[in-house]
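Read the structure below first, then the notes.
Every value quoted in this text rests on a predicted model; they were computed, and no experiment measured them. Heavy atoms only: backbone and side chains are in, while hydrogens, waters and symmetry mates are out.
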Amino acid sequence: MSFSASRLTIYALLSAIETDLRRLVIEHLEGQLSIEDILTPDICDKATERLIRDDGSLEENARLKSLLYYVDFGDTYMLLNRHGSLLPSDHRDTIRSNTHAFERLGKIRNRIAHSRPLLFDDLPTTLDESQRLLENNPLCWKEIALTLSRLKDDPSFVLGVQIPSFYDNDSKRASHNLPTPDFDETGFLGRRNTVDELIRACFGPYPVITIVGEGGLGKTALAVKVAYDILDHIDCPYDAIVWTSSKSSQLTAQEIVKIDNAIADSLGMLTDVAHRLAGNAQQNDAISEIIDYMREFRILLVLDNLETVIDHRLRDFLGRLPAGSKVLITSRIGIGAYEYPIKIQPLENSEAIQLLRSLSKGRGVPGLVKTNNKVLEGFCKRMSNNPGFIKWFVSTIQAGRRPEEVLQNPDLFLDYCMSNVYRYLSEDSRIVLRALVCLPQSHSQAELAFITELDYLVLQQCLQQLLSTNMVVMTSLPRGSSFESRYELSQLTIGYLRKHHPVPDCDLKQFVNRNRQIVAAGAAISAERTHNPYSFYSLTIRSKSDVILAKYLRDALNSIRSKDVENAMIMVSKAKSLSPEYFEVHRVEALVHVKAGNIPAAQTAYEAALDLEPESAPLNFWYGGFLLRYLSDTDNALEYFIKAEKSDSNSPQILLEISRCYLYKSEFIEARRFIDQVKEQGASQEWMLRKMHDLSLQIFARQSSTLLNQKDNYGALHALECLKQEYESIPIAQRDFKMRERLENCKPIALGCEYFIEEHGDKERVQVFHTWLEKVLDYKIHDPSLSDSAHSELDGSFEGIVQHLPAGKPFGFISTADNQRFFFHRNALTNQDQWQLIRPGVAVTFFIGFNNNGECAVNVSLRQGDQNS
């Protein structure tokens, strides 16, 4: 069964109140009383019966928390009152002082639980009471606070709320197919005396009862209300209540529209009734079959909007009704001799004002809510206190028109058609409608922004306007670990626009072409991601709408490359405004913050991305790299790399980063194990092979240095010999300057081994390594992968820019042209007097060394030209 957003909103608030009440029971009563003392036997039995019916079983010694979920709303607050002495004084006073409010809410709760018509003020009443409860005692109503906050931030979340059905099964009632009642369409509006008269008539001797009145007075709403009241009556005389409607057009705030496949004649209506009773009735014998059922069972047959199908067959049918069964009719035209007519009139003044004010509050029209009763009474009188006119009036004001403008032309109410709203839509909103007509499937804001070429802020205003007119419907679809809002036209709107506002060919071609561009760009982005999913410039797209967001994000990434951080952040902001639930938006935002040197903001952005897509292997990989390189947090970085590896165990990039973490932790055996995995997999890309070989050399170099410091001279010598063997296995074309630096850094280690090793044979081993090292370092290596800006000369030194100097700290960070980042300490300067000249933006040269956290800059000096600045 589907429900309106209004009904779901009320249920979400009432459910929050119930959750808070149950929490008070658990927190303050469970530890002091037994279940039997807290719940009376009757309450406990009813809750147990519901639990078994809903869950299918009952565990032994069912917990209080399990049973409380099935306790009636009224029983929950009453048992808190009964045991009030065990509550904190402020909570006890809160429950007692709001008992009357709970009683009012309990009646609304019953209408929700049993799918009954809501009163027109149920939604504003529930909202007001929830706000009042929270303001009086915030500590008592934590769930209410959360729900009200969610309603403010994202009202559409209620579309995912499920109303439990076990309440409806508490008693045996007549079967029925009554429509789902909602206060804004079928809720009864006043007329308690009329309702009572209709119920008496349905219980009386009259076989046919007709609700007669002009359009807009609420005949259908009245029939639904009466039918549900009879269904719930303790002495309901009927075995079944059957509803059918011949409504061929539907009145909305915007239009009168034809309903597709509507019942066109009395034979069609009667066949529909027979089908609902028998399942497969034929037109030829539909009347006889209905009569047979109504003779065998006591049936209340509700025929809605009958004036469109009145003919001799219908009159013949009504003349043959058997005793015990009855027909309730709504019509603008009286049937004649067979009926007991009840003519309904417009609302009383007080009812009309209350309806106007409540609708305005529920639909968010503050101008009308703040208007005083005298002015509202004047509005209602000019609308003849007609509830249909009042509803249309509120909807039209909601769409942006002025009250006087609407009321000066009462013929607008007679039109009730979409053109009355379309005429006042902005031109941008009409562009959105034309796009949705040409591309009738649902679209996200991002897709619509690209297709219509509207600025995203303008588009949001258009969608808000179109949603308020009900011309556009919004739905939420799951996307990864989040949800995406999508928009489409209702079927009625599509038919109306195609007939009255056909799209020009030029616009059609433009919209279709833009849509094709989205499809083509999506294919290109997917191909790029397949090629290298762990590149910063690869983007994950979940749906076609993400392609548009990816365009902004790629612009941001290109701006990062060109060091235009300001434009990069503008592009990210545009993408975030369109889809804040898209994790790539936050991931690219993190890169922009890194480029700007705002490391805390970058970490926050990464964490936001991980909240949205925690299982993404690339995202865990990127965040691990961030922790390792910018926060020197090796342990946490390793955790994220391992999480990425569990999702993608064949990625050489992930395996190499895990190896690097173990290197920094001086766990050399583990580091080598992951290097070996990469070799076994057979990495084919040259850049990956270089990275693998370089890291392998680092492991042996770092291991030899560590062993030497531990006075394991022979172990250090063995590590150096392994380094030599590793380097010789590297194809010459894959050797580069970084590898030369690893070898250069081994000179002092080899000298240390030679100094401490005493045995002649082992000294010769060291000398062999020395000779080999000098020979290798004498070669000039051309490395086309590195730009001139990355190296100042062929001696292995690097060039970079001082990127960040924490205030008052004796260290900083250097960034190279290829976006590598190195820590350096003041003591690493070749000339300590130059520390006063070190500041962000200054160019320096340096060599790569090691500290406890891994690679760092050593032998740092100001570049020529900056030394005197």
Side-chain angles (χ1 to χ4, degrees), residues 5 153-156 159 252-255 257 363-367 394-402 405-406 417-477 483-498 500-504 506-515 517-518 543-549 551-552 573-582:
D153 295 337
D154 180 21
S156 67
L159 300 178
T252 71
Q254 297 83 27
E255 61 177 349
V257 292
R363 297 184 182 182
V365 187
V394 173
S395 296
T396 308
I397 303 304
Q398 185 183 13
R401 296 181 58 194
R402 294 179 293 108
E405 182 184 0
V406 177
C417 61
M418 202 171 279
S419 59
N420 293 328
V421 174
Y422 184 89
R423 184 181 308 159
Y424 295 97
L425 291 176
S426 69
E427 181 55 36
D428 289 332
S429 293
R430 295 180 184 184
I431 291 173
V432 176
L433 289 180
R434 290 198 289 272
L436 289 173
V437 170
C438 295
L439 306 167
Q441 68 271 31
S442 64
H443 298 274
S444 68
Q445 284 193 38
E447 291 175 66
L448 289 173
F450 184 80
I451 292 169
T452 62
E453 301 182 86
L454 293 174
D455 179 81
Y456 69 97
L457 290 176
V458 174
L459 175 65
Q460 288 178 341
Q461 294 170 356
C462 294
L463 290 173
Q464 183 179 8
Q465 184 181 47
L466 293 171
L467 286 170
S468 71
T469 66
N470 297 319
M471 299 179 82
V472 168
V473 178
M474 181 180 72
T475 55
S476 294
L477 298 178
F483 288 84
E484 177 184 71
S485 296
R486 301 187 67 82
Y487 304 86
E488 62 183 319
L489 298 177
S490 68
Q491 289 301 312
L492 297 177
T493 305
I494 291 175
Y496 167 80
L497 293 173
R498 286 176 176 171
H500 297 286
H501 301 281
V503 179
C506 58
D507 287 350
L508 174 61
K509 291 178 181 178
Q510 178 183 349
F511 294 142
V512 171
N513 181 57
R514 299 283 287 180
N515 190 55
Q517 291 179 38
I518 297 176
S543 65
K544 193 171 72 171
S545 63
D546 286 345
V547 177
I548 312 306
L549 303 170
K551 177 184 179 300
Y552 290 120
S573 298
K574 284 186 176 181
K576 184 184 285 189
S577 66
L578 288 169
S579 185
E581 76 283 355
Y582 183 27

So [Y] and [X], do their side chains get closer than 4.5 Å, heavy atoms only?
X	Y	answer
Val458	Cys462	yes
Ile451	Asn515	yes
Gln460	Leu457	yes
Leu448	Leu436	yes

Separation between [atom1] of [X] and [atom2] of [Y], rounded to the nearest 0.5 Å:
X	Y	atom1	atom2	value
Gln445	Leu454	CD	CG	11.5 Å
Leu433	Asp428	CG	CG	11.0 Å
Asp455	Lys574	CG	NZ	7.0 Å
Leu459	Glu453	CG	CD	12.5 Å

Can you list everything that forms a side chain to side chain donor-acceptor pair (under 3.5 Å) with Gln517? Sequence neighbours excluded, please.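 Scan of Gln517 (side chain to side chain donor-acceptor pair (under 3.5 Å), adjacent residues dropped) gives none.
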Applying side chain to side chain donor-acceptor pair (under 3.5 Å), name anything that partners Ser579, two or more places apart in sequence or on another chain.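 In terms of side chain to side chain donor-acceptor pair (under 3.5 Å), with neighbours along the sequence ignored, Ser579 is linked to Glu581.
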Intermediate values then yes/no, side chain to side chain contact (heavy atoms under 4.5 Å, CB included), Asp507 and Ile431: CA-CA 9 Å; Asp507 287 350; Ile431 291 173; over 6 Å; no
Between the side chain of Arg514 and the main-chain N/O of Thr452, is any donor-acceptor distance below 3.5 Å?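 Not a single qualifying donor-acceptor pair exists.
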Charged N to carboxylate O below 4.0 Å: is that the case for Glu427 and Arg434?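 Looking at Arg434 together with Glu427, the answer is yes, because their closest N to O distance falls below 4.0 Å.
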One pair to check against side chain to side chain contact (heavy atoms under 4.5 Å, CB included): His501 and Arg430. What are the steps and the verdict? CA-CA 10 Å; His501 301 281; Arg430 295 180 184 184; over 6 Å; no
Determine, step by step, whether Gln441 and Arg486 satisfy the side chain to side chain contact (heavy atoms under 4.5 Å, CB included) criterion, reporting the C-alpha distance in whole Å, the side-chain angles of both residues, the deciding distance to 0.1 Å, and the verdict. CA-CA 10 Å; Gln441 68 271 31; Arg486 301 187 67 82; 5.7 Å; no
Restricting to non-hydrogen atoms, name the atom on Ala575 and the atom on Tyr552 that form the minimum distance, rounded to 0.1 Å.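 Smallest heavy-atom distance, with atoms named: CB-CB, 4.1 Å.
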